[in-house]
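Read through the structure below, which is laid out as structure tokens, and then see the notes.
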Amino acid sequence: MEPGRLIAAGRAAQIFEYGNDRVLRRSMTGFSFAYEANVMELARGFGVPVPAVHELRADDTEIVMDRIAGPTMVDWILHGPWRIRSAGRILAEFHDAVHKVIAPTWLHDAGDGGRSLLHLDLHPLNIIMGPNGPVLIDWTNSARGKPGTDIAFTWMLLSTGEPPSSPLMTKIIGAFRKALVQSFVSRTDRAAAVAAFPYAAELHGCDPNLTDTERVAVARLVRSVTGNTTEGAHD
């Protein structure tokens, strides 16, 4: 079967319709989806809500998955700001579910000595609010490590990630950012996240797509969180 209409495109991949209930994700750089497919099936086997993987094609540079109908968590929040606390709870619940998976040795090693499955990109743009509940996507960065590292990553992403360039979007997201961070952090193992913050920031700093503004914001957040944990939850 040939892919249908282009649905979305990012820096490294395109997503196409593939029949009525599936999508095809195509690498634009020749990147193999084999690792991500294996991680998704591992997580799904332990009850984590992820799209089912059906097929790898074209030397693993294309992956066919279930199509999840629904908005991203970002759009869900923007169309219902009263959902902020629920969004924080959902983020925390996903962390709990992911970290309960004992990671096999074939997973990439996050380097912190932990043995749990980590997502390492768990934020509202990677959660689809599907008809049967939220679903977690984009497992490219997943690894084996300590839950605190994963929690710290999400804390950083929520606090310092630059929103889309629209001035209105920037203003709206900025208005709700602190409430979302506070709702998320209050439902997690805060002490473990704080302890992992410096190392998580080092890992995050390896991302070539980070902007200079984000790098400055991450450094400021690390100082705030590790020096004054009360203040850090609101940054």
Side-chain angles (χ1 to χ4, degrees), residues 8 10 15 23 36 39-53 65-101 103 116-143 145-164 169 172-194 196-197 200 204 221 225 232-235:
I15 300 177
V23 295
E36 185 173 1
V39 177
M40 289 173 66
E41 287 302 285
L42 169 69
R44 196 166 73 93
F46 279 86
V48 182
V50 303
V53 175
M65 305 176 291
D66 280 351
R67 181 174 186 174
I68 310 300
T72 66
M73 179 180 274
V74 169
D75 290 331
W76 186 70
I77 293 172
L78 293 178
H79 287 88
W82 61 87
R83 297 166 171 157
I84 283 289
R85 291 186 181 278
S86 294
R89 173 182 53 77
I90 292 167
L91 286 165
E93 288 174 348
F94 265 120
H95 274 279
D96 287 343
V98 171
H99 301 158
K100 286 177 181 176
V101 180
S116 294
L117 175 62
L118 311 184
H119 186 277
L120 295 180
D121 201 19
L122 210 169
H123 57 78
L125 283 173
N126 281 337
I127 295 177
I128 305 298
M129 306 304 289
N132 298 316
V135 176
L136 183 57
I137 63 172
D138 198 348
W139 290 77
T140 304
N141 297 336
S142 54
K146 292 182 178 180
T149 301
D150 211 7
I151 297 169
F153 244 88
T154 295
W155 191 342
M156 275 186 285
L157 293 171
L158 295 177
S159 300
T160 66
E162 290 189 323
M169 184 74 77
I172 291 173
I173 291 178
F176 298 116
R177 186 194 294 267
K178 289 183 180 180
L180 179 57
V181 172
Q182 186 174 24
S183 177
F184 166 68
V185 172
S186 68
R187 291 172 167 85
T188 64
D189 187 342
R190 181 194 181 95
V194 170
F197 231 89
H204 190 35
L221 182 64
V225 168
H234 298 276
D235 282 358

Can you see which heavy atom on Leu117 is nearest to which on Ala103, and at what distance? N-CB, 3.8 Å
About how many Å separate CZ of Phe46 and NZ of Lys100, when rounded to the nearest 0.5 Å? 12.0 Å
Spell out, as yes or no, whether a donor-acceptor pair under 3.5 Å connects the side chain of Thr188 to the backbone of Val185. yes
Could you go through Ile90 and Met73, starting from their C-alpha distance and side-chain angles, then the distance that decides it, and tell me whether this counts as side chain to side chain contact (heavy atoms under 4.5 Å, CB included)? CA-CA 10 Å; Ile90 292 167; Met73 179 180 274; 3.6 Å; yes
Of all the heavy-atom pairs spanning Leu136 and Asn126, show the shortest one and how long it is. CD1-O, 3.4 Å
Distance-only, no hydrogens or angles: does the Arg44 side chain make a donor-acceptor pair with backbone N or O of Val50 under 3.5 Å? no
May I ask you to test the Leu157-Asp121 pair for a side-chain heavy-atom distance under 4.5 Å? yes
Show me the pairs that pass ring pair (Phe, Tyr, Trp, His ring centres under 6.0 Å) and involve residues 116-142, at least two apart or across chains. His119-Trp139
Using the side chain to side chain donor-acceptor pair (under 3.5 Å) criterion, which residues pair with Ser183? Sequence neighbours excluded. Arg187
Look only at the side chain of Thr154 and the backbone of Leu122, and say whether a donor-acceptor pair between them is shorter than 3.5 Å. yes
Counting N and O atoms only, with roles assigned by atom type, does the side chain of Glu41 sit under 3.5 Å from a partner on the main chain of Ala52, one being a donor and the other an acceptor? no
Passes side chain to side chain contact (heavy atoms under 4.5 Å, CB included), Ile127 versus Leu91? Steps please. CA-CA 9 Å; Ile127 295 177; Leu91 286 165; 3.5 Å; yes
Applying side chain to side chain donor-acceptor pair (under 3.5 Å) to Asp138 and not counting sequence neighbours gives Thr140
Out of curiosity, Phe197 CZ to Leu221 CG, how far, rounded to the nearest 0.5 Å? 4.0 Å
Could you tell me whether a side-chain N or O of Asp150 sits under 3.5 Å from a main-chain N or O of Leu118, the two making a donor and an acceptor? no
Those residues at least two apart in sequence (or on a different chain) that pass side chain to side chain donor-acceptor pair (under 3.5 Å) with Thr160 are none
Here the ring pair (Phe, Tyr, Trp, His ring centres under 6.0 Å) pairs for residues 76-95, sequence neighbours left out, are His95-His99, His95-Phe184
Measure the CD1-NZ distance between Ile151 and Lys146 for me, rounded to the nearest 0.5 Å. 12.5 Å
Once you round to the nearest 0.5 Å, how far does CD1 of Ile137 lie from CD of Glu36? 9.0 Å
Within the structure provided, determine whether Pro51 and Val135 are in side-chain contact (heavy-atom separation under 4.5 Å). yes
Which atom pair, heavy atoms only, marks the closest approach of Ala152 to Ala193? CB-O, 3.7 Å
Rounded distance (nearest 0.5 Å) linking atom CE of Met129 with atom CD1 of Ile77: 8.5 Å
Please list, chain by chain and in numerical order, all residues satisfying side chain to side chain donor-acceptor pair (under 3.5 Å) with Arg89, sequence neighbours excluded. Glu93
So do Pro147 and Asp96 actually touch side chain to side chain, heavy atoms under 4.5 Å? no
